[in-house]
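From a predicted model like this one, the values you see are computed outputs, not experimental measurements. We count ligands from 1, going down the list as the structure has it; atoms in each ligand are counted the same way.
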Amino acid sequence: MRQPLLTTTAAYQALQSHAADAKDWHLRDLFAAEPQRFPTLTVDAAGLFLDYSKNRISQRTVELLTDLARERGVEGQRDAMFSGEKINLTEQRSVLHTALRMPRGKQFVVDGQDINGDVHAVLDRIKAFTDRVRNGNWLGYSGKPITDIVNIGIGGSDLGPKMAVLALRSYAHPRLKMHFVSNVDGHDMDAVLTNLNQETTLFIVASKTFTTAETMLNAQTARRWFLCEGKEEDLARHFVAVSTNTEAVTKFGIDPDNMFPFWDWVGGRYSVWSAIGLSVALAVGFGYFETFLAGAHEMDEHFRTAPLEQNMPVLLALIGFWNREFIGASSLSIAPYHQDLNRFPAYLQQLDMESNGKRVTKGGQPVDTATCPVVWGECGTNAQHAYFQLLHQGTDIVPIDFIAALLPTHDLAGHHDALLANCFAQSEAFMKGKTAEEVRAELTAQGLPEAKIDELVPHRTFPGNRPSNTILMEHLTPATLGALIALYEHKTFVQGVLWDIASFDQWGVELGKVLAKKIQAELEGDVDPAAHDSSTNGLIVMAKGAKIE
Ligand SMILES: O=P(O)(O)OC[C@H]1O[C@](O)(CO)[C@@H](O)[C@@H]1O
């Protein structure tokens, strides 16, 4: 159904006039006036806890935002996604990453195909294969067990598995070292291959399409490197593939028996739950991989059934929408206070920005409001010593998602309280700030002369009133990681519905790919390029010149 432009809807207009009233609110005052703000503006689901009280909102704001969600049809579109309707309109595909984490035996037929059966048949193959590699029964060509696994993939075929393997580091197999090569830059492959031995290395070539230029080049390089020691007939023990494209995998020389399939109804950035997660299952074992899927499924069930007002992904989406539309925040910073979630901000960049970085509606009209903010971030406390200065005192409002585990997975004394203290202190500081009066009183107590105090006060004042969410879990486990990823997947989905944009395609990455092919031919050939603009021509000439010198 064609949606009206956002600003023309009654719910958006109600939010606009509410936002005008809310313009001068300060979080400090909201907290002072509402002692019950924390219990009111928090929610639990699937082992996660979300505190969204440190946003410039009232309960009325939440009501108006949920009105908008209803008016935009979030519930109907959510149900359409779960039931396998072809909601990816520009590619005429279903969007069924949620089916990848459905328990066995939940009959689910789409277009006459038993999807649950297909998913679990591949999971069974993943179990058999990962058990063999982990037990040391899958041997390399010289009879030694595998020690190193290299996942070759990019975008969704890299970011999810790499992030999850790092996040679940404390569950990892002691013999297996995991490596990830994604970049077409040979330095990436070079850095990994330098320390590896052909006899004990297993490559996973992970690509939904099996046509992605970077992955194909890296896979060819890995194959050449392998054949420096191994023989053609040994390739099957050292190369497996994950793809939807059997024909291209076979053409590459990988035995279809060593291919783990998935389906076109799984978007690349939503594919860590599919066989693309093979490296995760190898690292942590199939049992924990299943728990990872179960954690995500628990979040799916919550998202599918909880009323919008108590629905964690919906609330996270609505708060983000409010900050983007009415607080004017053009970026969102992700701050995991957990070193093992180091790659989570990079993972979310693709999830959110490749999904919702769009400027036309599903019907093809230009949108009439801002859409996806720029997503970026870094682990706390490192981020505090790098760019938090700007977040506290800069001219832009940058909302922050703090993510932390209440308990660590290490037993090093003294660290975890220090970590959590910093996490909570930062969200408090962003919320409260420090007034000129407070700064003046502090400096006066230090006995500074009046003139010095006047000079320092503006520099040492913090405006505060900077919004943040805090997401907590007890431990970072396969289940809570699964739930956390699913939380952000559904948040992204809901925001796409609010903006009425096509969240499941990514046409914006195509133009650069086409131009790169052309320029690569020019760099490799001996024709001087003249067909580009003067800058691009000049850069190509410089690169060719450097090769000759
Ligand atoms: O898995 P593939 O087909 O190699 O694609 C890798 C990535 O490339 C993209 O298509 C973008 O170019 C992503 O959406 C995808 O995750």
Between M299 and E489, is a side-chain contact (heavy atoms from CB on, under 4.5 Å) present by the stated rule, with each step listed?
CA-CA 10 Å; M299 185 56 78; E489 284 180 348; over 6 Å; no
Write out the residue and atom name of the closest protein heavy atom to atom 10 (O) of ligand 1, then the distance separating them to 0.1 Å.
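For this ligand atom, the closest protein heavy atom is K513 NZ, 4.0 Å.
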To the nearest 0.1 Å, how far is atom 3 (O) of ligand 1 from its closest protein heavy atom, and which atom is that?
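Checked against all protein heavy atoms, atom 3 (O) of ligand 1 sits closest to T209 OG1, 2.6 Å.
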Against heavy atoms of [X], which atoms of ligand 1 measure under 4.0 Å?
| X | result |
| --- | --- |
| S157 | 1 (O), 2 (P) |
| Q506 | 14 (O) |
| I154 | 6 (C), 7 (C) |
| T212 | 2 (P), 3 (O), 4 (O), 5 (O) |
| G156 | 15 (C), 16 (O) |

Which heavy atom in P345 sits nearest to a heavy atom in I334, and how many Å separate them?
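Closest approach of P345 to I334: CG-O, 4.0 Å.
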Taking atom 13 (C) of ligand 1 as the point of reference, which of E510, R269, E354, E214 owns the nearest heavy atom?
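Nearest heavy atom to atom 13 (C) of ligand 1 lies in E354.
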Q350 near ligand 1 by a heavy-atom separation under 4.0 Å:
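For ligand 1, residue contact (heavy atoms, under 4.0 Å) with Q350 is present.
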Any ion pair linking R343 and D158 (charged N to carboxylate O, less than 4.0 Å)?
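Here D158 does not pair with R343 in a salt bridge, since their nearest N and O are not under 4.0 Å apart.
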Heavy-atom distance from atom 8 (O) of ligand 1 to the protein below 4.0 Å?
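Protein heavy atoms within 4.0 Å of atom 8 (O) of ligand 1 - there are none.
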Assess, by modelled atom type and distance only, whether the side chains of Q113 and W265 contain a donor and an acceptor separated by less than 3.5 Å.
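Per modelled atom types, Q113 and W265 side chains form no pair under 3.5 Å.
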Under 4.0 Å from ligand 1, counting heavy atoms only, is it the side chain of V509, its backbone, both or neither?
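For V509, only side-chain atoms sit under 4.0 Å from ligand 1.
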Where do F262 and L100 land on the side-chain contact (heavy atoms from CB on, under 4.5 Å) test, with the steps shown first?
CA-CA 10 Å; F262 65 113; L100 297 168; 5.6 Å; no
With side chains defined as the heavy atoms from C-beta onward, is the minimum distance between R359 and T371 less than 4.5 Å?
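Not touching, per the 4.5 Å side-chain cut-off.
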Y488 and ring pair (Phe, Tyr, Trp, His ring centres under 6.0 Å): which single residue from F303, Y270, F344 fits?
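Going through F303, Y270, F344 one by one, the ring pair (Phe, Tyr, Trp, His ring centres under 6.0 Å) with Y488 is satisfied by F344 alone.
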Going through the checks in order, is the side-chain contact (heavy atoms from CB on, under 4.5 Å) test met by R101 and V119?
CA-CA 9 Å; R101 49 227 193 190; V119 165; over 6 Å; no
